[in-house]
Each structure stands twice: as structure tokens, then as C-alpha cells.
Amino acid sequence: MRRERGIHEIFREDPERADRELWGRRAFLANVGAMSAVLGARIVYAQHMPVGLVPAALANTAEPFHIEGKDGLVVLNDRPLSAETPPHLLNDDVTPSERLFVRNNGIPPDPAMVTRRWTLTIDGESVRRRRRYTVADLKRRFPPAHRQLVLECAGNGRAAYEPSVAGSQWTLGAVGCPQWNGVLLRDVLEDCGVTRDAVYVAYWGADSHVSGAESGVPISRGVPVAKALQRDAMIAWGVNGGPLHPLNGHPLRLVFGGWPGSTSGKWLRRISVRNVVHDGPKMGGHSYRIPCEPVPPGAAVAPEDMCIIGAMPVKSLITSPESGTRHSFGWPLNVHGHAWVGDGRVRRLRVSIDFGRTWRRAELWSPANRGAWANWDFLTRFPTRGYYEIWARAVDDQGRSQPMVVPGWNPKGYLNNACHRIAVYVV
Ligand SMILES: Nc1nc2c(c(=O)[nH]1)N[C@H]1C(S)=C(S)[C@@H](COP(=O)(O)O)O[C@H]1N2
Ligand SMILES: [Mo]
């Protein structure tokens, strides 16, 4: 799989190329708001700053871009902001908030908006009692829920599709599995009463369009009612016992374990229980939809032939060692990683060190709860010195396994669950 390098890396080696890349990424640094987030400080004379100028703080230092409260993420776009986590930084069994990827479709709400008066409204055609809660109300009125749930962008792995497709060029790191702290969505929905004609549970967030010209929200999606009533559907105000990071939806967000990240609405203001399949922005066209029937690579697909993505496919990561590691000959090497699947269970994780000729079973641990990833360990020895690749392949409880090569091409490059492979030099 192609590895997207951070723009700072490119800049250090080849400033001219970096310049082209910056423009190629649609004026990467044109948005001063998001750029301030990357710099970790407000740009005081922002109004005088030429569009496209690379801040000297980034150009003159070997330090990677820093996002306040995030550690080691690779920024792919800044307008809107997307940043992914390199696999070896996802080695923790429970993903720390600092290592959780960021995917924005627009501009997050002004922090001044995020006060104790923040409310969540539940409404829609299929709700019996329209209600409004503050975060304190939610904490007081409903049993607390703490669950580890996988959040993965449906576009994770998009960079590997040929022909290439537009959108953030995610490689492997648009995924994480922190513990979410909040309440079960179904407890709140029960409090309001869901009528029998309910079809979809939709979210509305407080973010705005990048352009500023368009009104309304950049994205408003959701899930079928049945998924919303599962125990892996949460309204969360925290991760791992701390607050949500401002870029991950503080003060309130939805989390649907194992479904496209785009269903997990951030900066949550309103939930609508709909009597139709929700029709908010990014529910139609090619957004978060794939051809209902497979198509040849590069095909044009009519919107009416596209189907909404549901549960995510089985997938795994090798998070230790880091790809390219040098390992001493004669010593066993412990390989560690995670495996997950949308709505089922991972049944098996197999590892190969001989390019897929033979596979051996890794030790696969039970996930913390439904919707969490399973951790796995594999102890391997190497017969001689030299270059090896370690490949990992997960199989789910329905016998579906990860493909070795990039799976079915689709117009927006979703659902690439090809096997992860790393390089190891035995020296
Ligand atoms: N309000 C709002 N919710 C949103 C988004 C957004 O842009 N605005 N992005 C969605 C997408 S596409 C993904 S993959 C996840 C990413 O969550 P994260 O940024 O916390 O990792 O949030 C989803 N929820
Ligand atoms: Mo996403």
C-alpha cells in the first residue's frame, strides 16, 4: 500500500515539491482557522497572510505538524482537517484520545459556543415526546455507559485504489478504539418514546461549511433504527475517562460501533427519529454509498445504483513492530495488533512471514465488549537473516476474510479492508 508522507517530511527534503503538493491539495494552508489549530497558536495578523504561504514555523523546523492534544498524527488535509494515526502509534489496546484520528467535513463550532448551556434536542416524525437535555441532564438521568467501540472512517485505505479517487488519501490510520463514556442512545430514545413507524435515527451537529457561503451543516447522517437501539450505540461526552477532544466532537457526539465513522455525529445538537431513510447532506449521491452491484475500476455509476454502507468489513492491523524494523537474528519476535468487524465477531487471525505461502494462527483475545476490537499476539522466529514481510489476515464469524489485494473499486474509494503487511529486516 502506498504510504502518504506528511507534508512536513516532503518540505524538508524538497521544498518545491512541497509547494506543488500544497497547491495540489487545494491550497492546503489557505484556511487560517484550521492552520492555527495545526500551529497550536492563533495567527495574529492572519488577514495579511498571503494565501498559500507556508508558515516559517513549519518550514524551518524538523518538528512535525502539531495539533494541540494530538500526538504523532499525520495531517492529510487542513480544510477541512483530516489527520490519521500511523499504525505503530495505534499499538495500545485502548486508543488514547491523543492518537484518535480526525475527520472533519466542515469547520468545527467556535469553542465559545461550547458552554454548559449546550443542549441536545430529540425530535422527528417518529418521536412521541420531543425533549431537550443538557449534558448534565444526560449524566443525571440515565445509567452511565462505558464501552470500547471501533470508530473507522469508511474511506480508510482509500489511497490504495486504482484509478485513484478524490477525497482524503487515508492509508491505514483512520481508525481507533477508545473507551467511550456516556449513555446508551436507546435509553435516551426510550425516554422520548419511539413510534412504530420509525425508520432512521439521524444527527445534526454544530459544524459549518468550509466555504462559509453555504448555510446549514456539511454533513448529517445516521443509522437505521435497529442499529440505534443496539448496545453499541452511544451518546458520548468522554473518552477514556477524560473529555472528548474538541476535534473529536466535544462536548457531545454519537458513536456507532463498527459502522462507517460518518454515522457517528460530532458536536451533537439534535437527533431526529425519522419515518423515512434520512435525507440530510451526504446521505445521497456517491457519499458513503457503494455500487449495489460490483463495477469495473473507474466506472461511472448512476446515483440510483448506489447503496448506503452499513456494517464495516473485517479488518486488522499490525501495530508492533513498526514497519521497517531491524530485528536481531536468533531472537523470537512478538507481533501485536488488533482485528475487528462491523457487526459480528472476529473468529481467527492468521499471520504469514513467507508472502502468504503458509499461515499460522495468532493468539486472539476476546474483545472488551461487542463493538470493540480484538487484540492479537503472535510469536515468530526467522530461519535466516534477511528481508521479511509479516502479513496479517482476519476472518469473521461468517467465514469472510480480508482480501490480500485491494477489494472492489468504487467511485469514492470506501471499504478497503486489504491485509496489512509490514517489513522486517532480520540482521
Ligand atoms: N458533525 C460532524 N460529525 C461528523 C463528521 C463531521 O464532519 N461533522 N465527520 C464524520 C466522519 S466522516 C467520520 S469518519 C467521523 C470521524 O470522527 P473523529 O474525527 O472523531 O475521528 O466523524 C463523523 N462525524
Ligand atoms: Mo469518514
Side-chain angles (χ1 to χ4, degrees), residues 34 37 67 69-70 73-85 90 95-110 113-114 118 120 149-159 165-170 173-178 180 182 201-210 214 216-223 233-240 243-272 278 280-283 286-290 308-309 312 342 412-416:
I67 304 174
K70 292 287 174 188
L73 270 57
V74 176
V75 176
L76 302 181
N77 317 83
D78 88 324
R79 190 176 186 269
L81 182 69
S82 324
E84 70 174 339
T85 317
L90 286 171
T95 310
S97 176
E98 298 76 27
R99 300 271 166 86
L100 183 64
F101 77 100
V102 176
R103 194 320 189 195
N104 291 345
N105 285 264
I107 301 298
D110 184 336
M113 261 183 81
V114 184
W118 184 280
L120 168 65
L149 299 173
V150 174
L151 180 73
E152 181 178 19
C153 180
N156 196 20
R158 174 179 292 140
V165 291
S168 298
Q169 295 299 299
W170 303 111
V175 63
C177 188
W180 303 95
V201 174
Y203 71 79
W204 299 91
D207 43 345
S208 50
H209 279 277
V210 219
E214 281 169 86
V217 292
I219 184 169
S220 164
R221 306 194 65 248
V223 297
M234 287 181 66
I235 300 175
W237 55 73
V239 268
N240 305 331
L244 288 168
H245 187 281
L247 294 170
N248 297 124
H250 177 71
L252 220 50
R253 77 171 302 165
L254 283 170
V255 188
F256 293 106
W259 276 50
S262 56
T263 61
S264 295
K266 305 194 280 187
W267 312 292
L268 184 64
R269 298 300 305 274
R270 188 176 143 207
I271 291 175
S272 297
H278 184 52
K282 304 220 168 159
M283 280 300 296
H286 287 173
S287 297
Y288 307 104
R289 305 207 300 169
I290 51 169
I308 300 174
I309 299 170
M312 299 282 285
K412 291 278 273 185
Y414 296 123
L415 305 184
N416 175 7

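Residue numbers run from 1 in the order of the sequence given. As the structure lists them, so they are numbered: ligands from 1, and atoms in each ligand from 1.
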Q: Between Asn248 and ligand 1, which part of the residue brings a heavy atom under 4.0 Å of the ligand: side chain, backbone, both or neither?
A: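 Within the 4.0 Å criterion, Asn248 contacts ligand 1 through backbone and side-chain atoms alike.
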Q: Walk me through it: do Arg221 and Tyr203 pass the test side chain to side chain contact (heavy atoms under 4.5 Å, CB included)?
A: CA-CA 6 Å; Arg221 306 194 65 248; Tyr203 71 79; 3.9 Å; yes
Q: What is the distance from atom CG of Leu247 to atom OG of Ser82, rounded to the nearest 0.5 Å?
A: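 So the CG of Leu247 and the OG of Ser82 are separated by 11.0 Å.
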Q: Between His209 and Val217 (side chain of the first, backbone of the second, donor and acceptor by atom type, cut-off under 3.5 Å), is there such a pair?
A: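 Checked: pair present.
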Q: Which distance, rounded to the nearest 0.5 Å, do you find between the CZ of Arg158 and the NZ of Lys412?
A: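 Reported value, rounded in 0.5 Å steps: 6.0 Å.
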Q: Can you tell me which portion of Leu151 lies within the under-4.0 Å heavy-atom range of ligand 1? Options are side chain, backbone, both, or neither.
A: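 The side chain, only.
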Q: Under 4.0 Å from a heavy atom of Cys153: give me the atoms of ligand 1 that qualify, with their elements.
A: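 This gives 14 (S) as the contact atoms.
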Q: When rounded to the nearest 0.5 angstrom, what distance separates OG in Ser168 from CG in Asn77?
A: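 Here the interatomic distance stands at 4.0 Å.
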Q: Do Val75 and Lys70 make a side-chain contact, defined as non-hydrogen atoms from C-beta onward lying under 4.5 Å apart?
A: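 No, side chains not in contact.
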Q: Start with the C-alpha gap between Trp204 and His278, add the side-chain angles, then the distance that decides, and say whether ring-ring contact (aromatic ring centres under 6.0 Å, His included) holds.
A: CA-CA 11 Å; Trp204 299 91; His278 184 52; 5.4 Å; yes
Q: May I ask you to identify the nearest protein heavy atom to atom 21 (O) of ligand 1, giving residue, atom name and distance to one decimal place in Å?
A: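 Of the protein heavy atoms, Phe101 O, 2.7 Å lies nearest.
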Q: Can you sort out which atoms of ligand 1 are near Tyr288, meaning under 4.0 Å from one of its heavy atoms?
A: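 Result: 12 (S).
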Q: Identify, by atom number and element, the atoms of ligand 1 in contact range of Asn104, meaning under 4.0 Å from any of its heavy atoms.
A: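 Listed by number with element, the hits are 7 (O).
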Q: Would you mind listing which atoms of ligand 1 come within a distance below 4.0 Å of any non-hydrogen atom of Asn105?
A: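 Answer for ligand 1: 5 (C), 6 (C), 7 (O), 9 (N), 10 (C), 12 (S).
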Q: Please check whether Arg253 reaches ligand 1 - meaning an N/O of the residue sits under 3.5 Å from an N/O of the ligand, judged on distance alone.
A: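 Yes: some nitrogen or oxygen of Arg253 is under 3.5 Å from one in ligand 1.
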Q: Atom CD of Glu84 and atom CG of Leu73: how far apart are they, to the nearest 0.5 Å?
A: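 Answer for the CD-CG pair, Glu84 versus Leu73, is 8.5 Å.
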Q: Which residue and atom name correspond to the protein heavy atom nearest atom 11 (C) of ligand 1, and how close is it?
A: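 Answer, as residue, atom name and distance: Ser262 CA, 3.5 Å.
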Q: With atoms numbered from 1 as shown, which atoms in ligand 1 lie under 4.0 angstrom from a non-hydrogen atom of Ser264?
A: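 In order of numbering, the contacting atoms are 22 (O), 23 (C), 24 (N).
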Q: Would you say Leu100 and ligand 1 have an N/O pair spaced under 3.5 Å apart?
A: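 In fact, backbone or side chain, Leu100 has no N or O that close.
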Q: With rounding to the nearest 0.5 angstrom, report the CG to CH2 distance, Leu254 to Trp259.
A: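 Leu254 CG to Trp259 CH2: 13.5 Å, rounded to 0.5 Å.
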Q: Just to confirm my output: which protein heavy-atom neighbour is closest to atom 15 (C) of ligand 1, and how far is it?
A: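 Ranked first by proximity to atom 15 (C) of ligand 1 is Gly261 O, 3.4 Å.
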Q: Going by the order shown, which atoms of ligand 1 are within less than 4.0 Å of some heavy atom of Gly265?
A: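 Those of ligand 1 that fall under 4.0 Å from Gly265 are 3 (N), 24 (N).
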Q: Going by atom types only, do Asn105 and Lys266 share a side-chain donor-acceptor pair under 3.5 Å?
A: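 Looking only at side-chain atoms, Lys266 and Asn105 do not form any donor-acceptor pair under 3.5 Å.
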Q: Any idea which of Glu152, Arg269, His245, Lys266 brings a heavy atom closest to atom 1 (N) of ligand 1?
A: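 Nearest option to atom 1 (N) of ligand 1, by heavy atoms: Lys266.
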Q: In terms of residue, atom name and distance, what is the protein heavy atom nearest to atom 2 (C) of ligand 1?
A: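 The closest one turns out to be Asp207 OD2, 3.4 Å.
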